[in-house]
Enquirer: 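Here it is, the structure, as structure tokens.
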Amino acid sequence: MKSGIFVRWLLAVMLLVPWALLGCGDKEQPQSKSGTVSGDDVKKEAKEAYEATKAYTQEQMQTIRKQMQTKLDEYGKEIDQLQAKAEKLEGDAKAKAEQQLAALRQKRDAAAEKVKELGSSSGSAWEQLKAGIDAAMEELANAYRKVVAEFSNS
């Protein structure tokens with residue numbers, strides 16, 4: 001009885017060992033590069049990263065330029081509407097409104113100039129220029145609110 005169990009066990013081992021060895025063998029895998037990195041590889045990757053960053057920055061600059069130009073166009077229309085209201089005023093109120101609108105147009109023109117600079121600037125100056133644009137747009141918005149408040153009181 002023991003010899004029968006032994007024979008079956010031996011037969012099972014003999015059948016399973018070759019099958020197991022097939023699964024454990026080295027499979028052909030593509031050879032990877034050695035662990036060393038050449039200077040050319042580093043230069044190539046650095047150039048690719050630079051180009052990607054440059055393209056992203058240009059894209060961001062264009063997006064912001066378009067957004068700011070849209071806001072400037074809206075301010076231009078609103079200033080024109082205020083101008084139409086100012087023309088209906090008389091005396092000192094009209095003179096004061098004209099003066100405020102002239103100042104408001106100057107601020108709008110200053111902000112427009114900053115936006116124009118953005119279109120011709122390099123990527124490295126972008127952050128500084130964006131901060132200047134943001135400040136000019138904020139100044140324009142504050143001046144506009146002040147003028148609108150003055151017109152509301154007139």
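All values derive from a computational prediction rather than experimental measurement.
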Enquirer: Say you draw a straight line from CG of Leu82 to NZ of Lys77; how long is it, rounded to the nearest 0.5 Å?
Expert: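 It is 14.5 Å, given to the nearest 0.5 Å.
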Enquirer: For Asp80, look at atom CG and say whether over 12 heavy atoms of other residues, nucleotides or ligands are found less than 6.0 Å away.
Expert: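 Yes - once you tally the heavy atoms of other residues, nucleotides and ligands closer than 6.0 Å, there are more than 12.
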Enquirer: Could you tell me if the side chain of Gln69 sits less than 4.5 Å from the side chain of Leu72, heavy atoms only?
Expert: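 Yes, at least one pair of side-chain atoms sits under 4.5 Å.
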Enquirer: For Gln99, does the CD atom sit with more than 12 other heavy atoms under 6.0 Å from it, leaving out its own atoms?
Expert: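 For Gln99, atom CD is not crowded (no more than 12 foreign heavy atoms under 6.0 Å).
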Enquirer: Taking the side chain as every heavy atom from C-beta outward, state whether Asp73 and Arg108 have any atom pair closer than 4.5 Å.
Expert: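 The answer is yes; the side chains approach within 4.5 Å.
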Enquirer: How long is the gap from CE on Met137 to CD1 on Ile64, to the nearest 0.5 Å?
Expert: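 Those atoms lie 11.5 Å apart.
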Enquirer: Do Lys96 and Glu150 come close enough that some side-chain heavy atom pair is under 4.5 Å?
Expert: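 In short, these two side chains touch, coming nearer than 4.5 Å.
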Enquirer: Quick one: pull up CD1 in Ile133 and CE in Met61 and give me the separation to the nearest 0.5 Å.
Expert: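 That separation rounds to 8.5 Å.
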Enquirer: Does atom CD of Glu90 have more than 12 heavy-atom neighbours from other groups under 6.0 Å away?
Expert: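 Atom CD in Glu90 is not packed in, count stays at 12 or less.
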Enquirer: Pick out which of Glu139, Glu78, Gln100, Lys107 makes a side chain to side chain donor-acceptor pair (under 3.5 Å) with Tyr144.
Expert: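 Exactly one option meets the side chain to side chain donor-acceptor pair (under 3.5 Å) with Tyr144, and it is Glu78.
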Enquirer: Let me confirm one number: the OG1-CD distance from Thr63 to Gln58, rounded to the nearest 0.5 Å.
Expert: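 Going from OG1 on Thr63 over to CD on Gln58, the span is 11.0 Å.
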Enquirer: Could you state the interatomic distance from NZ (Lys116) to CD (Glu113), rounded to the nearest 0.5 Å?
Expert: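 Those atoms lie 5.5 Å apart.
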Enquirer: Look up atom CZ in Arg65 and atom OG1 in Thr70, then write down how far apart they are to the nearest 0.5 Å.
Expert: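 Going from CZ on Arg65 over to OG1 on Thr70, the span is 9.5 Å.
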Enquirer: Do the charged groups of Lys54 and Glu48 touch, with an N to O distance under 4.0 Å?
Expert: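 Glu48 and Lys54: not salt-bridged.
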